[in-house]
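Residues take their numbers from the sequence shown, with the count starting at 1.
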Amino acid sequence: MIRVNQVRVPLVHSEQDILHKTAKILRVAPEKIQSWQIIKKSVDARKKPEIRVIYSVDVCVESEKRVLAACKSGQVDKVTIKPYEFPKEGQERLDYRPIIIGTGPAGLFCGYQLAKNGYRPLILERGKCVEERMKDVEKFWRDGVLNPKSNVQFGEGGAGTFSDGKLNTLVKDKLGRNREVLKIFVEAGAPEEILYEAKPHIGTDILCKVVRNLREQIEAWGGEIMFDAQVTDLCMDGKRITGVVVNNTETIPCETVVLAVGHSARDTFEMLDKRLVPMEAKSFAVGLRIEHPRRLINKIQYGQEEHPLLPAANYKVTAQTSSGRGVYSFCMCPGGYVVNASSEQERLAVNGMSYSGRDSDNSNSAVVVTVTPEDYEDDSPLSGVYFQRRLEEKAYQVGAGAIPVETYGDYRRAVTGQKRDLPAVCQEYPGFVPAVKGAYRMANVHDILPPALSEALVEGIDLIGQTMWGFDDEGAYLSGIESRTSSPVRIMRDETGQSFIQGLYPCGEGAGYAGGITSAAMDGMFIAEKIGARYQKPA
């Protein structure tokens, strides 16, 4: 198999155009290409408004050695695609089926692999199935009635279900897990384009259906998922797991427990701390959501506000401030919404969400700054959790229970005491108002973050505006608090995937080993492999 990179074609093109350009790079006639497949597709907008599309293509061709010898290395290379393989069954005996705590991507994909290979896992989820969860979330956004166990953070699919459904990851992948995750998503109903898009996404509307299909497949293979089943305690014999307690009432015996609890399971972290499960506070990031008109972001990125062949424009920006703190965009949602992502009473957190069409009038992203254990008030494993909670309590108070929103101009003046004379670009777009799921009100967002973090965000946004014209516009909207970027806790594990407590497998983003849907799913597969390689299938 030969991989051809940098196959550049105009924005308006056909499959024949891709084939002929590929053949030209290979210096062969198109009919000599026996088969071909798109592996990657990206948009090149560096020379605006002349937009190009760049492909990587895998081909089978006659006289492969001769073709490779005649072509430029780096653009044309031989590749060997290694399919994903689950390990051979281990030798130790399992008396009970594995238990997985949580149905986010880590828990679902761990359960999927174990179920597919005959281990009949039991998956316990504190929240509801995705169909009922959607109703609870919509009710919260409409009426402000929060269900602490079924919301944007908790329930089938995890926190990523009510986001943009982004599937890109920077994780190195030599074992084919990344490709396998995307293939499983497609088999469960995701669009086939995610297999080759440079920045694949599904969208909340489709992701909810995909999650349900994954559950049904796990059940078809003999797995079981219990909803409204929160693990409230662990049973241990010395340093070995022997069972879990569900809803403070039912004890289920087991030898293996996968902790795929998600980054917002604060009560679970507290339980683990009391049980002396080794954990440590870790760095994460906090900040605010920034909203611009979608057409403005398109113009900045593409040189044009709309084109039927171009998706809503994405961006990824970073800045290094004079204080040494890095400021960067996170979870960018083209054509999306800011959503109330709270999971605790009288604490408010926001996130970003897009539907598959990415057709909201606004585009948003989090603009965040990294915080480290040095920023926390104590050195306990849960100090980052307490830091998050204080910010969320402040956001709730500032917004009087609704999402607080402030223009960047007002925010900047309050933080720096300075006024700038710049044109208000955002207000040139009629009807530009916050695109928010849940109640919001204009408020003093500048009162939420500690001064050092607010100053870093302002400096960072200004620096980004120097290279991305319009990003630091006075009329852009800021809302907060974005506090759930990743887990503030790492649950320690060794090379076998286990905690100091034997049989306990910390997994996914909540345990501190992933950052996003795809990497969490890959970590779930990793833990499933560790269990499969050690144990025989339960009788």
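Taking the ring axis of Y337 as reference, the NZ or CZ atom of K437 stays within 45° of it and closer than 6.0 Å to the ring centre.
Of all heavy-atom pairs between V181 and A521, the closest is CG2-CB, 3.9 Å. Closest approach of F432 and C426 over heavy atoms only: CE2-CB, 3.6 Å. The minimum heavy-atom distance between P434 and V405, with the atom names listed, is CG-CG1, 4.0 Å. Taking both residues in full, the closest heavy atoms of I464 and T318 are given as CG1-O, 4.0 Å, listed atom of the first, atom of the second, then distance. Nearest heavy-atom pair, I403 versus V339, reported as atom, atom and distance to 0.1 Å: CD1-C, 3.9 Å.
Contact annotation: the side chain of D17 never approaches that of H20 to less than 4.5 Å [non-hydrogen atoms, C-beta and beyond]. Within the 4.5 Å cutoff, side-chain heavy atoms of W469 are placed close to those of V425. At least one side-chain heavy atom of M468 sits under 4.5 Å from a side-chain heavy atom of I297. Counting heavy atoms from C-beta outward, V258 and C110 have side chains that approach closer than 4.5 Å. Inter-residue side-chain proximity for Q498 and R534 is flagged as met; some heavy-atom pair is nearer than 4.5 Å. E219 places a side-chain heavy atom less than 4.5 Å from the side chain of R215. Looking at heavy atoms from C-beta onward, P538 lies in side-chain contact with R120 at the 4.5 angstrom threshold. Taking the side chain as every heavy atom from C-beta outward, S486 and H263 never approach each other to under 4.5 Å.
Under a 3.5 Å cut-off, the side chain of Y513 and the backbone N or O of G524 do not form any donor-acceptor pair. When atom types are taken as modelled, the side chain of E125 and the backbone of C129 share no donor-acceptor pair closer than 3.5 angstrom. Under the 3.5 Å distance criterion, the side-chain polar atoms of Y55 are left unmatched by any main-chain donor or acceptor of V9. N364 places no side-chain N or O within 3.5 Å of a backbone atom of R289 that could act as its donor or acceptor partner. Under a 3.5 Å cut-off, the side chain of E291 and the backbone N or O of Y477 do not form any donor-acceptor pair. A donor-acceptor pair is defined here as one N or O able to donate and one able to accept, closer than 3.5 Å; no such pair exists between the side chain of T485 and the backbone of V286. Formation of a donor-acceptor pair under 3.5 Å by the E89 side chain with backbone atoms of K537 is found in this model. One N or O on the side chain of K166 and one on the backbone of M332 form a donor-acceptor pair closer than 3.5 Å. Here the side chain of Y302 pairs no donor or acceptor atom with the backbone of P49 at under 3.5 angstrom. In this structure, R27 contributes its side chain and A70 its backbone to a donor-acceptor pair below 3.5 Å.
Crowding of K183 atom NZ: a count of heavy atoms from other residues, nucleotides or ligands under 6.0 Å not exceeding 12. More than 12 heavy atoms of other residues, nucleotides or ligands lie within 6.0 Å of NZ in K282, so this atom counts as buried by the packing criterion. Annotation for E85: atom CD does not count as buried by contact number, only 12 or fewer foreign heavy atoms lying within 6.0 Å. In this structure, D361 places its CG atom where only 12 or fewer heavy-atom neighbours from other residues, nucleotides or ligands lie under 6.0 Å away. Around the CD atom of E15, the shell of radius 6.0 Å holds no more than 12 heavy atoms that belong to other residues, nucleotides or ligands. In this structure, K316 places its NZ atom where only 12 or fewer heavy-atom neighbours from other residues, nucleotides or ligands lie under 6.0 Å away.
Using cut-offs of 30° and 60° for the angle between ring planes, the H292 and F471 rings count as tilted.
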Could you please spell out the steps behind the salt bridge (charged side-chain N to carboxylate O under 4.0 Å, His left out) verdict for E224 and R97?
CA-CA 10 Å; E224 180 183 358; R97 54 184 172 168; 2.6 Å; yes
CA sep, side-chain torsions, deciding dist, call: L108, I218, side-chain contact (heavy atoms from CB on, under 4.5 Å)
CA-CA 9 Å; L108 277 178; I218 290 171; 4.1 Å; yes
From CA spacing to verdict: side-chain contact (heavy atoms from CB on, under 4.5 Å), I33, L26:
CA-CA 10 Å; I33 295 178; L26 291 173; 4.3 Å; yes
Go through E50 and K47 one step at a time and tell me if the salt bridge (charged side-chain N to carboxylate O under 4.0 Å, His left out) criterion holds.
CA-CA 6 Å; E50 184 184 343; K47 296 182 179 180; over 6 Å; no
side-chain contact (heavy atoms from CB on, under 4.5 Å), that's the test. Do Q427 and D473 meet it? Break it down for me.
CA-CA 9 Å; Q427 270 55 48; D473 185 72; 4.2 Å; yes
Show your reasoning for whether side-chain hydrogen bond (donor to acceptor under 3.5 Å, both in side chains) applies to Y315 and S365.
CA-CA 9 Å; Y315 63 76; S365 74; 2.7 Å; yes
Could you give me the CA-CA distance, side-chain angles and deciding distance for F185 and F109, then say whether ring-ring contact (aromatic ring centres under 6.0 Å, His included) is met?
CA-CA 10 Å; F185 272 129; F109 275 76; 5.2 Å; yes
Going through the distances and angles, do I300 and L296 end up as a side-chain contact (heavy atoms from CB on, under 4.5 Å)?
CA-CA 6 Å; I300 293 170; L296 172 61; 4.0 Å; yes
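Between Y505 and F526, the distance separating the two ring centers is not shorter than 6.0 angstrom.
S264 and R484 are linked by a side-chain donor-acceptor pair at a separation below 3.5 angstrom, with hydrogens and angles left out of the test. A donor atom on one side chain and an acceptor atom on the other are not found under 3.5 Å apart for R295 and Q304. Under the 3.5 Å distance criterion, with hydrogens and angles disregarded, a donor-acceptor pair is assigned to the side chains of T496 and D494. E529 and Y84 are linked by a side-chain donor-acceptor pair at a separation below 3.5 angstrom, with hydrogens and angles left out of the test.
Looking at E180 and R177, no side-chain N of the basic residue comes within less than 4.0 Å of a carboxylate O on the acidic one, giving no salt bridge. Ion pairing between E459 and R325 fails under the 4.0 Å rule for side-chain N and carboxylate O. Between R133 and E156, none of the side-chain N atoms (NZ, or NE/NH1/NH2) sits under 4.0 Å from a carboxylate O, so this pair counts as no salt bridge. A salt bridge links R294 with E306: at least one charged nitrogen is closer than 4.0 Å to a carboxylate oxygen. Using a 4.0 Å cut-off between a side-chain N of Lys or Arg and a carboxylate O of Asp or Glu, D58 and R3 qualify as a salt bridge. Using a 4.0 Å cut-off between charged nitrogen and carboxylate oxygen, D523 and R493 count as a salt-bridge pair.
The structure places OG1 of T103 at 10.5 Å from CD1 of I100, a figure rounded to the nearest 0.5 Å. Here CE of M522 is found 8.0 Å from OG1 of T518. Values are rounded to the nearest 0.5 Å.
Every residue two or more places apart in sequence or in another chain that forms a salt bridge (charged side-chain N to carboxylate O under 4.0 Å, His left out) with D462 is listed here: R412, R420.
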